[in-house]
Amino acid sequence: MAARALCCALTLLVFGGVCSGQELQLPSRVNGATRENVVFKPSRLPSGSYDGFTWNFKTFTIISGIGSSSLPTAPYRDRISLNMSTLALELRNLTENDSGVYTLSITRTAVTYTAETTLEVFEPVSNVTITSSPTDLIEFNSTVRLVCSASGSSLSFLWLNGSSEVTPGDRVLLTNGNSTLIVFNVSRHEGGPYTCEASNAISTHMSEPLTLTINYGPDSAFVKAAPSEPIYSSGSELTLTCSAESSPAAEYQWAVDGSELSDVGQKLVLPNIQSNDSGSYTCIAHNTKTLRYSTSEPLNITVLEKISGVRLIGPSELIIEGNSTNLTCQASGMVVSAEWTKDSQKLSPSSSVIFSPNNRSVTINPVQPKDSGEYRCTLSNPVSSGFASYTMIVNYGPDGVHVTGPSEVEVEGNLVLSCRADSVPEPVYEWQFNGTKTGVTTATFSVQQVNFTYSGNYTCITWNNVTRREASGSHMLAVKAKGTLSGQGGPLSGGAIAGIVIGILLGVAGVTGLIVYLKKRPKASSKGDRQNGVTQNGGEHELNYAEVQHVRNNQSVVNMGGPSTQTRQGTPAMVRANRGAAPNQGMKPTPPTEVMYSEVKK
Ligand SMILES: *[C@@H]1O[C@H](CO)[C@@H](O)[C@H](O)[C@H]1NC(C)=O
Ligand SMILES: *[C@@H]1O[C@H](CO)[C@@H](O)[C@H](O)[C@H]1NC(C)=O
Ligand SMILES: *[C@@H]1O[C@H](CO)[C@@H](O)[C@H](O)[C@H]1NC(C)=O
Ligand SMILES: *[C@@H]1O[C@H](CO)[C@@H](O)[C@H](O)[C@H]1NC(C)=O
């Protein structure tokens with residue numbers, strides 16, 4: 001520097017203000033790689049020709065020259081070249097020993113110009129590798145040490161985690177000039193990949209990436225059912241799958257209600273489950289590297305037996321009105337609820353319809369005709385249901401027996417009387433005429449061409465052979481001479497006129513006499529009695545005569561205003577005897593031999 005300052009001062013003196021340092025310059029630093037070449041090239045050579053120059057390395061001269069000739073010193077003879085016009089020096093096949101200060105001096109007209117540069121020779125970076133220890137890492141337990149090794153001089157190191165630079169932190173330490181990365185208590189997320197970049201001034205090299213294997217878990221063991229249902233039906237197939245976060249993959253063990261099953265494996269397949277497979281299922285995951293366990297939350301499995309074979313059982317005997325009867329619904333399987341309908345309508349409890357506490361049976365007491373119908377019980381549980389039906393027939397009657405037909409017919413006219421009874425089953429019929437069996441056992445009593453002997457009291461007796469009850473209804477018939485029917489506008493119409501007497505001789509063998517007379521209505525027969533009787537006969541027939549008297553039988557006067565329907569309990573021998581008799585439609589009843597007939601017109 002002293003020489004340079006002197007030169008500068010001299011230059012200022014000679015050339016009037018231009019610093020010689022500007023006249024000769026070299027780059028202040030030059031980097032070189034071992035076994036490579038380097039060129040020191042001066043810039044701003046002093047203008048004009050020079051008298052001599054010297055290239056020095058430290059204190060040794062490499063090459064010097066005077067005029068146009070130059071001479072390298074022995075150690076450099078084969079390693080250098082000099083450009084005589086630029087004085088640029090090439091130095092070949094560098095070694096680290098070539099590092100140091102190089103100086104170029106030029107002499108011209110007794111002035112010496114000097115410049116210097118510093119060469120640093122580096123070994124290039126190579127063989128960058130990472131080694132890790134230990135290699136078997138266990139999460140939270142292991143501390144891993146990654147060492148980056150490389151060839152080359154003046155190395156510096158940079159670590160990459162994936163694509164981002166590793167920064168030191170609580171558990172992450174960079175040491176040994178950043179060549180060593182230590183991660184304490186590794187976590188599963190710290191597996192990398194890690195790369196190490198080694199560099200010096202002249203080169204950079206990356207290692208191969210290294211991925212750490214960190215054993216962890218098992219964590220969060222979890223049981224999942226497929227299909228997933230709140231309740232399973234017996235006979236279905238169920239697969240339970242256990243999952244856990246684990247590396248390496250966990251081994252699985254299963255337990256039901258706390259006791260271990262022999263089953264191992266991630267899937268537990270239960271084909272054809274039954275109700276005794278119900279329980280609380282857990283899986284236990286185990287990692288053979290970490291030696292840790294994880295037990296799942298229990299998964300409750302409920303299996304219900306399906307309902308099958310539903311039967312609705314009624315009484316073994318026939319059901320009779322007024323009795324008590326019971327319907328019971330049976331099935332196999334787990335019954336949770338029972339519902340009843342009658343004729344598709346919900347059957348609700350009432351004073352006579354009583355459900356058992358579990359609704360499995362229904363008692364009807366007393367049973368009534370309206371209880372007939374189709375009963376259905378439906379048994380169900382959350383996975384199935386089934387139903388069964390029962391058709392109930394309530395046997396009842398006969399009730400309300402009544403005979404319909406005309407109250408008077410013309411002689412030689414046709415007579416049809418119908419007997420109606422409210423009864424299940426259909427009753428057996430038996431017709432009596434004036435208390436005598438006729439042999440007719442059909443619901444209809446019909447005669448063609450009646451004569452006067454057909455006037456009288458027709459009684460229909462009905463018998464229900466299930467309820468074993470009998471009931472009867474009666475009907476009075478008057479056979480009249482032609483043209484004398486009341487209400488026809490004939491000569492007899494026109495109100496209650498006394499004194500018209502018609503004598504008719506009946507051509508019947510055995511007639512001993514005929515008395516025709518007019519008799520006034522008895523005082524006892526009130527208007528109210530008549531209306532009542534009409535009503536009981538169905539309101540269909542307005543009676544036009546007051547009374548009929550059987551003279552020969554010495555019967556008292558029959559008041560047609562009185563009740564005509566009777567019901568008797570029991571099994572009269574007469575009806576029994578006629579049961580099963582063939583229908584006798586149109587058969588002529590045995591007529592009375594003698595009739596006294598009279599009529600009173602209103
Ligand atoms: C180590 O790397 C950090 C950056 O992560 C850097 O700041 C530091 O200078 C480096 N140390 C050495 C000795 O190279
Ligand atoms: C590497 O990066 C991941 C996220 O990408 C991070 O979780 C982990 O902690 C990082 N490792 C280190 C040693 O910094
Ligand atoms: C029986 O059925 C009735 C409805 O008909 C219902 O309100 C009741 O809860 C049922 N009882 C049981 C035990 O199922
Ligand atoms: C008709 O006959 C029945 C049975 O024989 C009897 O009960 C009823 O009183 C009679 N009716 C009349 C009006 O005589």
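Read the numbers this way: they start at 1 and go in the same order the structure lists the ligands and their atoms. Computed over heavy atoms, backbone and side chain alike; hydrogens, waters and symmetry mates excluded.
Atom 13 (C) of ligand 3 has its closest protein heavy atom at P357 O, 3.3 Å. For atom 3 (C) of ligand 1, the closest non-hydrogen atom on the protein side is N178 ND2, 3.4 Å.
In summary, of the residues considered (E165, H205, M206), a side chain to side chain contact (heavy atoms under 4.5 Å, CB included) with E197 occurs for M206 alone.
Side-chain contact annotation: T61 with N56, donor-acceptor N/O pair under 3.5 Å present. With no hydrogens or angles considered, no side-chain donor-acceptor pair links N323 and E321 at under 3.5 Å. At a cut-off of 3.5 Å, with distance as the only test, no side-chain donor of N287 or Y216 sits close to an acceptor on the other residue. For the residue pair N200/S154, the side-chain donor-acceptor check at 3.5 Å is not satisfied.
At least one protein heavy atom sits closer than 4.0 Å to atom 5 (O) of ligand 3. Less than 4.0 angstrom separates atom 1 (C) of ligand 2 from at least one non-hydrogen atom of the protein. The protein does not reach atom 9 (O) of ligand 3 closely, with no heavy atom under 4.0 angstrom from it.
With respect to D219 and R292, no salt bridge is recorded, no charged nitrogen being found less than 4.0 Å from a carboxylate O. At a threshold of 4.0 Å, the pair D78-R92 does not count as salt-bridged, since none of the basic side-chain nitrogens sits closer than that to a carboxylate oxygen.
Less than 4.0 angstrom separates some heavy atom of K346 from each of these atoms of ligand 3: 4 (C), 5 (O). The ligand atoms of ligand 2 that sit less than 4.0 angstrom from a heavy atom of N161 are 1 (C), 2 (O), 3 (C), 8 (C), 10 (C), 11 (N), 12 (C), 14 (O).
Taking all heavy atoms of L347, N359, V362, N358 into account, the minimum distance to atom 11 (N) of ligand 3 is reached by N359.
For W159, no heavy-atom contact with ligand 2 is shorter than 4.0 Å.
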